[in-house]
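The structure appears right after this line, and notes come after that.
All residue numbers refer to positions in the sequence shown, counting from 1.
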Amino acid sequence: MFRPLSRSLVIPVAAALVLLVSAWGCGSSEPGLVPVRGKVTLNGGPWPKEGTINFTPAGTVEGADPTKSRPGSAKFTTDGYFTAGSFEAGDGLFPGTYNVALDCLESPPQMTNTGKVIEGKNAAPLSYRNPSTSGLTLTVDANQRVDATFDVKAK
């Protein structure tokens with residue numbers, strides 16, 4: 001049989017729940033992350049759909065901890081704005097140099113009746129989808145917020 005909480009327990013239980021819920025949404029506490037935000041455009045303008053920008057570590061910068069190297073990513077809006085994250089959305093990147101790649105799927109991949117996958121339409125040119133061939137780089141210095149801009153050139 002269910003018994004309601006006594007009055008003496010209601011306040012401590014409520015306080016514990018408030019602390020638990022507030023701690024749950026605090027975000028990454030990883031030290032050393034630097035805020036990185038920016039804008040990526042397609043031929044100087046907007047994108048047809050939202051997309052993803054990825055940051056792959058390519059090297060360290062002076063004063064950076066070489067043991068702290070981690071890829072990051074961000075979703076970008078159709079107008080290109082993004083805020084990068086390493087552990088969680090928007091928590092930043094570690095200091096270092098990054099190769100940048102992106103995707104902007106206009107239509108998802110599909111599978112035929114025979115099991116063959118047909119690639120979806122991607123607004124990002126093929127070379128920009130690979131961090132080794134995009135030609136885009138980003139340098140993040142310790143303790144300096146980064147405001148990055150990239151313009152993707154499509155034919």
Side-chain angles (χ1 to χ4, degrees), residues 12-111 116-155:
V13 169
L17 284 173
V18 168
L19 286 173
L20 179 63
V21 169
S22 64
W24 192 353
C26 283
S28 176
S29 61
E30 186 65 36
L33 291 173
V34 176
V36 175
R37 66 181 185 186
K39 184 175 182 178
V40 58
T41 56
L42 179 62
N43 293 322
W47 291 86
K49 297 272 188 176
E50 294 180 346
T52 304
I53 186 167
N54 297 296
F55 304 92
T56 304
T60 58
V61 293
E62 188 175 328
D65 181 350
T67 64
K68 294 209 173 193
S69 178
R70 183 178 178 93
S73 65
K75 300 263 186 218
F76 62 84
T77 60
T78 55
D79 57 3
Y81 290 103
F82 66 88
T83 303
S86 294
F87 294 92
E88 298 175 3
D91 66 355
L93 300 173
F94 285 117
T97 302
Y98 294 84
N99 290 326
V100 180
L102 46 96
D103 273 304
C104 181
L105 291 177
E106 293 183 74
S107 62
Q110 296 181 6
M111 188 174 288
K116 181 180 177 185
V117 176
I118 300 171
E119 188 175 320
K121 185 176 179 186
N122 198 323
L126 185 59
S127 63
Y128 286 94
R129 296 181 223 164
N130 184 326
S132 300
T133 60
S134 73
L136 303 176
T137 60
L138 176 71
T139 299
V140 177
D141 292 318
N143 303 316
Q144 290 186 341
R145 187 181 83 199
V146 176
D147 290 307
T149 57
F150 303 104
D151 187 36
V152 172
K153 300 293 184 193
K155 297 177 188 175

Under 3.5 Å donor-acceptor, Thr78 side chain and Pro46 backbone: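 A pair under 3.5 Å: no.
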Okay, side chain of Asn99, backbone of Ser132: is any donor-acceptor separation there less than 3.5 Å?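 No, the answer is negative, given that no donor and acceptor are paired below the 3.5 Å cut-off.
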[X] to [Y] - nearest heavy-atom pair and separation:
X: Leu33; Y: Gly92; value: CD2-O, 3.8 Å
X: Ser69; Y: Pro57; value: OG-CB, 3.2 Å
X: Ser127; Y: Thr133; value: O-OG1, 2.7 Å
X: Cys104; Y: Lys49; value: SG-O, 3.2 Å
X: Leu102; Y: Ala124; value: CD1-CB, 3.6 Å
X: Ala101; Y: Pro131; value: CB-N, 3.5 Å

Nearest 0.5 Å, what's the [atom1]-[atom2] distance between [X] and [Y]?
X: Lys75; Y: Asp103; atom1: NZ; atom2: CG; answer: 10.0 Å
X: Phe82; Y: Phe55; atom1: CZ; atom2: CZ; answer: 4.0 Å
X: Asn130; Y: Asn54; atom1: CG; atom2: CG; answer: 11.0 Å
X: Leu42; Y: Asp151; atom1: CG; atom2: CG; answer: 7.5 Å
X: Phe87; Y: Phe94; atom1: CZ; atom2: CZ; answer: 4.5 Å
X: Thr41; Y: Lys153; atom1: OG1; atom2: NZ; answer: 7.0 Å

Under the ring-ring contact (aromatic ring centres under 6.0 Å, His included) test, residues paired with Phe76 that sit two or more places apart: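 If we apply the ring-ring contact (aromatic ring centres under 6.0 Å, His included) test to Phe76, skipping adjacent residues, the hits are Trp47.
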Residues 136-143, side-chain donor-acceptor partners within the protein, below 3.5 Å, at least two apart:
none

Quick one: salt bridge (charged side-chain N to carboxylate O under 4.0 Å, His left out) partners of Lys39, sequence neighbours excluded?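 With sequence neighbours excluded, Lys39 shows a salt bridge (charged side-chain N to carboxylate O under 4.0 Å, His left out) to no residue whatsoever.
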Take Arg37 and Asp147, measure what side chain to side chain contact (heavy atoms under 4.5 Å, CB included) needs, and give me the verdict at the end. CA-CA 5 Å; Arg37 66 181 185 186; Asp147 290 307; 2.5 Å; yes
Looking at Arg70 and Glu30, does any basic side-chain N land under 4.0 Å from a carboxylate oxygen?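 Between Glu30 and Arg70 there is no salt bridge, as every charged N stays at least 4.0 Å from the carboxylate O atoms.
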